[in-house]
Protein chains: 2
Amino acid sequence: MTTTERRPLTRERIIEAAVAFADEHGIDALSMRKLGQVLGVEAMSLYNHVAGKDDILDGMVQHLFAGIGPIDTAGDWKVTARAAATAAKNAFAAHEWAVPLISTRETTSEASFGIMDVMIGMLLADGYDPETAHHAWHVIASHVLGYAFQEANSVFGRRDDQAREEAEQLLREYGRIFPNLAAVATYLMECSHDEEFQYGLDIILSGIEARKPA
Amino acid sequence: MTTTERRPLTRERIIEAAVAFADEHGIDALSMRKLGQVLGVEAMSLYNHVAGKDDILDGMVQHLFAGIGPIDTAGDWKVTARAAATAAKNAFAAHEWAVPLISTRETTSEASFGIMDVMIGMLLADGYDPETAHHAWHVIASHVLGYAFQEANSVFGRRDDQAREEAEQLLREYGRIFPNLAAVATYLMECSHDEEFQYGLDIILSGIEARKPA
DNA sequence: ACCTGAACACCGTTCAAGT
DNA sequence: ACCTGAACACCGTTCAAGT
């Protein structure tokens, strides 16, 4: 439990440890005292490098957005949109705590504005009017957030052993009352999250393409 | 602060009060002690009617799903899907705490399975294969969750005075670095959430229609 | 049967004291 | 400059005691 790391404390190291702790024990279990323990230090020492717990949580959100990485704008807007959306979905779905955390904090960091600026810029350059470009942004953003939500936070999305067992239990329980649920049960249990995400993205990007003003 | 209501405590009344409290003060501020105070009772009395705080939070999620209401299946699958998706989005977007709360608790209640069963049943009856029906469910669900997220939890989504001011501040700050953001600023500030949601839903439902197997 | 007060094991955070 | 111990105002929850 007590790591014996003796590198000096920094904001980055604290946030890194917080991410690891939340991955393992869940974000609700994250406390200043436990985080200090992991870093081999008293809780109060953290305040020398960080403004408080809120600052740590902000840092974790920043960490999530940094995980999206730079966006390659070499192709056309559809290629860029697909790459950016997929990278964002993967960055969020990689941590169970990502969606709940983002949803209680402000998502409007420089990183998120940067992605938005690139995406809308490519649409405008391709001949879209600002209003349609704005619509397109919202639809894509909904898909990314909504799918990350489903992948990381529903029993059918998570693919650990415990989630599988719970999912099977639920399907047994509700399968008799809800026959149509039973009819798609195998897909719920076994669908590829990447294929599933791309399927919806295909629909959305084609729809946006079809709505390009003449 | 202390309401003088003297009706007997019940689970429903406690959950109702919790919803109202979270609406006003945010879900993080919700505690057993403060909830007791609102109900004119000591915190410990709540345990006579409720298993604990988790039980209250579960009740709040149940309350959200109940708010979606019964689904009218009189029209074709697209009409039903639009009605159900819109009702769900509105129920979730009505409370800032809805998305964060659902995202940390299990969403697989009888209510959510019921909606899913109806939707998939209509698609199957219309001639869709189970795999495509399952895809359709995921895409629609992402849009609902993702848009509720954006409407209730982003500065641009919320339409109270404080959010407007923060949004304008952010646009001033980042508008110079990100010109394409500035180009769509007025739409971000003033778009109709219902029209925006329907725009994306149009794309998604049309796309699903186009993928109906021959 | 329902409510309460005191208590326990936890929180985040402040602050004076140490080195 | 950085770390610490004690303290404060909060948590959720248990339990024996009241009515």
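Note that these values count all heavy atoms, side chains included, but never hydrogens, waters or copies made by symmetry. Naming: A, B, ... by sequence-line order, numbering from 1 per chain. Quick caveat, the model's predicted, so the values are computed rather than measured.
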* Asked: If a stem is a run of at least 3 consecutive Watson-Crick or G-U pairs, both distances under 3.5 Å, which stems include DNA chain C?
  ->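 Stem segments, range with range: C:4-8 with D:12-16, C:12-16 with D:4-8.
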* Asked: Is there any side-chain hydrogen bond (donor to acceptor under 3.5 Å, both in side chains) pair reaching into residues 38-56 of chain A, and which pairs are they, with sequence neighbours excluded?
  ->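 Passing the test, one end in residues 38-56 of chain A: A:Arg11-A:Asp55.
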* Asked: From B:Ile177 CD1 over to A:Glu110 CD, what is the distance, rounded to the nearest 0.5 angstrom?
  ->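 Atom-to-atom, B:Ile177:CD1 and A:Glu110:CD are 5.0 Å apart.
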* Supply the atom-to-atom distance A:Asp194 CG to A:Lys89 NZ, rounded to the nearest 0.5 angstrom. =>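 That separation rounds to 5.5 Å.
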* Are any of the side-chain heavy atoms of A:Tyr147 and A:Glu196 separated by less than 4.5 Å? ->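 They are in contact (side-chain heavy atoms under 4.5 Å apart), so the answer is yes.
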* Roughly, in whole Å, what's the span from CG in B:Leu35 to P in D:dT13? ->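 Those two atoms, CG and P, are 12 Å apart.
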* Over all atoms of both residues, closest heavy-atom pair of B:Leu145 and B:Phe92 ->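 Where B:Leu145 meets B:Phe92 most closely, the heavy atoms are CD2-CE1, 4.2 Å.
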* To do: Heavy atoms only: give me the nearest A:Ile27-A:Met60 pair and the separation to one decimal.
  =>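 Residues A:Ile27 and A:Met60, closest heavy atoms: CD1-CE, 3.9 Å.
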* **Close aromatic pair by centroid cut-off 6.0 Å: A:His143 and A:Phe197** =>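 Judged by ring-centre distance (under 6.0 Å), A:His143 and A:Phe197 do meet the cut-off.
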* Could you run through nucleotides 1-11 of chain C and give me one letter per nucleotide, 5' to 3': B if any protein heavy atom sits under 4.0 Å from the base, S if only the sugar-phosphate is that close, - if neither? => -SBBBBB---B
* Of B:Glu166, B:Glu165, B:Arg158, which meets side chain to side chain contact (heavy atoms under 4.5 Å, CB included) against B:Gln162? ->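 Going through B:Glu166, B:Glu165, B:Arg158 one by one, the side chain to side chain contact (heavy atoms under 4.5 Å, CB included) with B:Gln162 is satisfied by B:Glu166 alone.
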